[in-house]
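The block underneath contains the structure these notes are about, expressed in structure tokens.
The chains referred to below are lettered A, B, ... by the order of the sequence lines, with proteins before strands, and numbering in each begins at 1.
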There are 2 protein chains.
Amino acid sequence: MAVTIRDVAKLAGVSRSTVSRVINAKGEVDPQTAAKVWQAVKELEYHPNTSARALVRQRTDTIGLMLPDVTNPFYEKIIKGIEATTNAAGFNLTFYNTYEDLAGRRRMILSAIEGGKVDGLIIVGSHLGDKSTLLEMIARGLPISLIERSFSDPSIPCVVSDNKTGARLAVEHLLSLGHRRIGFITGNLHYQTAIERLEGYKETLSQHGIPIEDELIAFGDFEHKSGYEAMRQLLALPMPPTAVFASNDMMAIGAIQAIGEAGLSVPNDVAVVGYDDITFASMVHPQLTTIRQPLYEMGALAAQGLIERLKNGLETEPFKKFLPVELVVRKSCGA
Amino acid sequence: MAVTIRDVAKLAGVSRSTVSRVINAKGEVDPQTAAKVWQAVKELEYHPNTSARALVRQRTDTIGLMLPDVTNPFYEKIIKGIEATTNAAGFNLTFYNTYEDLAGRRRMILSAIEGGKVDGLIIVGSHLGDKSTLLEMIARGLPISLIERSFSDPSIPCVVSDNKTGARLAVEHLLSLGHRRIGFITGNLHYQTAIERLEGYKETLSQHGIPIEDELIAFGDFEHKSGYEAMRQLLALPMPPTAVFASNDMMAIGAIQAIGEAGLSVPNDVAVVGYDDITFASMVHPQLTTIRQPLYEMGALAAQGLIERLKNGLETEPFKKFLPVELVVRKSCGA
DNA sequence: CTGTTAGCGCCTTCAT
DNA sequence: ATGAAGGCGCTAACAG
């Protein structure tokens, strides 16, 4: 059996409540007794039982992070930002991979929070079809923070970045380099970010008096493979684009592969811009010109907001953060 | 307050123990009452409290996965293999990022298991300096499974792959392509895998009558950046290698970047072989020739072994798995 | 400053 | 087939 608080109490010659006071630094305790208790704790290598503690405290001090897939490189910086913040605040972090399973989402959220597995939840990048579930959860008062998904409803805490401006920066960069036939690879259009970036692309072209050609818009789903395929499609056009803006870096990397396989080179034959600035963007050759989202900061802010809410209860004002993005010029455009 | 088993009992007009029997499918219960209970469960959206349940059952049905950094792409396939297996067996999975913090490792393990956060632990790729901690934990009888780290002690369950043969396959492939000056980029030599791959490189060259030249061995640490820097160093040699074998794919990708920046091309000027076959290996351009470790399977096996141990107690025989690797020929060697 | 007491929500004998 | 009672390990009033 594992060592319990009774064992520590016995060894230290005090009551269980005193041990509890000492290890939780609550209430006044004679320094002498405290020392004896710590001594016993060390000697027995006592570790308070997490379940027992959570049960009586009615909180777990852990936050859940729900996203499609932890192992997707896109989430790296968001995760690091969240992790740093939760760690600093003394919270544990546990991951929930949804694998896009819309049907299971509602149950997952409920079982996580209502089942007392976590005190609150951070949800990243949810599908537009999740709308009603999300609204219901918020209406119930469940402590939830959203990243990359916003609602006009002011009661919903969320942090998003400026996707439209991001797309504009990308397109204008290519325009300034002299490109006029600029292809676009969409993300999965069931996601808010994908839609906003597409809108940004279209609006920017229009503003510069360039007609939008449907054949220059290829549909992807944010995955590497779809970027590769979309690029092949664009390359097969009678008049292929001289530049391509992909809705995320993974697809941009896929596009670069397709360009290379076609015997063409980046940026000489085709310029490529990505989106996100994931770690890999600067690791591939040529290094990717891209739009940087402040992913680490977004994670940190979402975590911070949730933690505040957890500490102060519902009286905390729900926050809405709208973060700026920036163009990062590297090698894939020949700039 | 969250709904508890009392609420369900009251609504269904039965006692709490009956509710417990129904939801856990234990003991005989009248189908009629069972139906009433399920009805109440649904109506109230009852979710059993995880802590209370864990406290009385003395188990959490969750397995911990301890690794340096979940967001490192190397772990993707291992994680997926573990996750699929634990899910299928009804276990939850929680991650522990160690960030190479040797000092904290012992405490993390103890607090996870002794604190009753997890029933058992899978530890991936631990530093050689962890030896005593690991041995101590095993000696205590803690349920732990190791991946990418083995001990001669038969009581320690571990799954590793054949690193020496992997290195041999890589070197022989380059040899067969006519290369004679083959550079090598080591991994972090505090890890078993790095040492074994270095040994494989040296032995293979010797067997083929090629002298080992120290200047052709550059030191890396498994990170992308170190591969880049090691390659620059090799390229600066009076007589640079015509081929390079990197101890993992991330460093190989870094090496390709350095080669490209030097105005040379892969595979025409320098051939490159990686190791691991992470997902990215086939996403970069040119696609990476590499040694495939059965990472998914390694994860699955480690999880399986741990779960068996958890179910059967200590009487389960500790397992040792030694898996084969294979050469995957793609584009980075010009084969 | 310290001990006693009473649960937290659930499962599990033991009766009935 | 069902209910009553006890306790998992811990914390938090309440006394003293």
Side-chain angles (χ1 to χ4, degrees), chain A residues 1-38 40-41 44-62 90 110-119, chain B residues 1-38 40-41 44-62 90 110-119:
Chain A
M1 292 307 301
V3 7
T4 76
I5 200 172
R6 308 182 82 100
D7 303 316
V8 178
K10 193 174 298 171
L11 182 60
V14 299
S15 75
R16 287 172 295 160
S17 29
T18 297
V19 174
S20 176
R21 274 184 209 106
V22 171
I23 63 179
N24 295 303
K26 271 195 178 167
E28 300 298 292
V29 163
D30 185 303
Q32 301 257 343
T33 7
K36 274 191 300 184
V37 169
W38 281 123
V41 165
L44 299 172
E45 293 210 85
Y46 168 64
H47 293 269
N49 182 287
T50 309
S51 301
R53 182 173 265 184
L55 184 56
V56 61
R57 286 188 179 165
Q58 297 286 71
R59 61 191 165 80
T60 59
D61 290 334
T62 105
L110 249 22
S111 112
I113 303 188
E114 300 285 352
K117 292 187 204 296
V118 301
D119 296 340
Chain B
M1 290 305 306
V3 7
T4 76
I5 201 171
R6 307 183 84 99
D7 304 314
V8 178
K10 194 173 298 169
L11 181 60
V14 298
S15 74
R16 287 173 297 162
S17 18
T18 299
V19 175
S20 177
R21 273 184 208 107
V22 172
I23 62 178
N24 295 303
K26 271 195 177 167
E28 297 299 296
V29 72
D30 186 302
Q32 301 256 344
T33 22
K36 276 192 299 186
V37 169
W38 281 123
V41 165
L44 298 172
E45 294 209 84
Y46 168 63
H47 292 268
N49 182 287
T50 309
S51 300
R53 184 172 261 186
L55 183 56
V56 60
R57 287 188 176 164
Q58 297 286 70
R59 65 194 162 78
T60 58
D61 290 333
T62 104
L110 249 22
S111 111
I113 303 187
E114 301 284 353
K117 292 187 205 297
V118 301
D119 296 340

Query - B:Pro31 vs A:Ile23, nearer the 5' end of DNA chain D by closest nucleotide - result: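 The 5'-side residue here is B:Pro31.
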Out of [options], which nucleotide sits closest to the side chain of [X]?
X: B:Asn49; options: C:dC10, C:dC1, C:dC11; answer: C:dC10
X: A:Asp30; options: D:dT11, D:dT2, C:dC1; answer: C:dC1
X: A:Ile5; options: C:dC10, D:dC10, D:dA1; answer: D:dC10

Requested in this report: Just call it for A:Thr33: base, sugar-phosphate, or nothing, with non-hydrogen atoms closer than 4.0 Å on any strand.
Outcome: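 Sugar-phosphate, backbone atoms only, no base.
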Would you say a side-chain N or O of [X] is under 4.0 Å from OP1 or OP2 of [N]?
X: B:Arg53; N: C:dC11; answer: yes
X: A:Lys26; N: D:dA12; answer: yes
X: A:Thr18; N: C:dG3; answer: yes

Query - Sidechain-backbone polar pair: A:Asn49 side chain, A:Ser51 backbone, donor-acceptor under 3.5 Å - result: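 Judged by distance alone, yes, a pair lies under 3.5 Å.
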Query raised in the report: Quick one: does B:Thr50's side chain have a donor or acceptor within less than 3.5 Å of a partner on A:Gly115's backbone?
Result: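 It does hold such a pair.
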Requested in this report: Rounded to the nearest 0.5 Å, what's the gap from CG on B:Asp119 to CZ on B:Arg57? Could you check?
Outcome: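 B:Asp119 CG to B:Arg57 CZ: 11.0 Å, rounded to 0.5 Å.
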Query raised in the report: Step by step, would you call B:Leu110 with A:His47 a side-chain contact (heavy atoms from CB on, under 4.5 Å)?
Result: CA-CA 8 Å; B:Leu110 249 22; A:His47 293 269; 3.5 Å; yes
Which atoms of nucleotides 5-8 of chain D (N or O only) lie under 3.5 Å from a protein N or O atom, and what are those distances?
none

Check the distance between [N]'s [atom2] and [X]'s [atom1] and give it to me in whole angstrom.
X: B:Arg21; N: D:dA4; atom1: CZ; atom2: P; answer: 11 Å
X: A:Glu28; N: C:dT2; atom1: CD; atom2: P; answer: 10 Å
X: B:Arg59; N: C:dC10; atom1: CZ; atom2: C1'; answer: 13 Å

Requested in this report: Name all residues meeting the side-chain hydrogen bond (donor to acceptor under 3.5 Å, both in side chains) criterion together with B:Thr33; count only those two or more places apart in sequence or in a different chain, and write none if there are none.
Outcome: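 Here no residue qualifies.
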**Report entry** Side chain proximity check, A:Trp38 to A:Val22, heavy atoms < 4.5 angstrom
**Finding:**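 Yes, side chains in contact.
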Query raised in the report: Pick one: which of A:Val3, A:Val8, A:Thr4 meets side chain to side chain contact (heavy atoms under 4.5 Å, CB included) with A:Arg6?
Result: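 With A:Arg6 as partner, side chain to side chain contact (heavy atoms under 4.5 Å, CB included) holds for just one option, A:Thr4.
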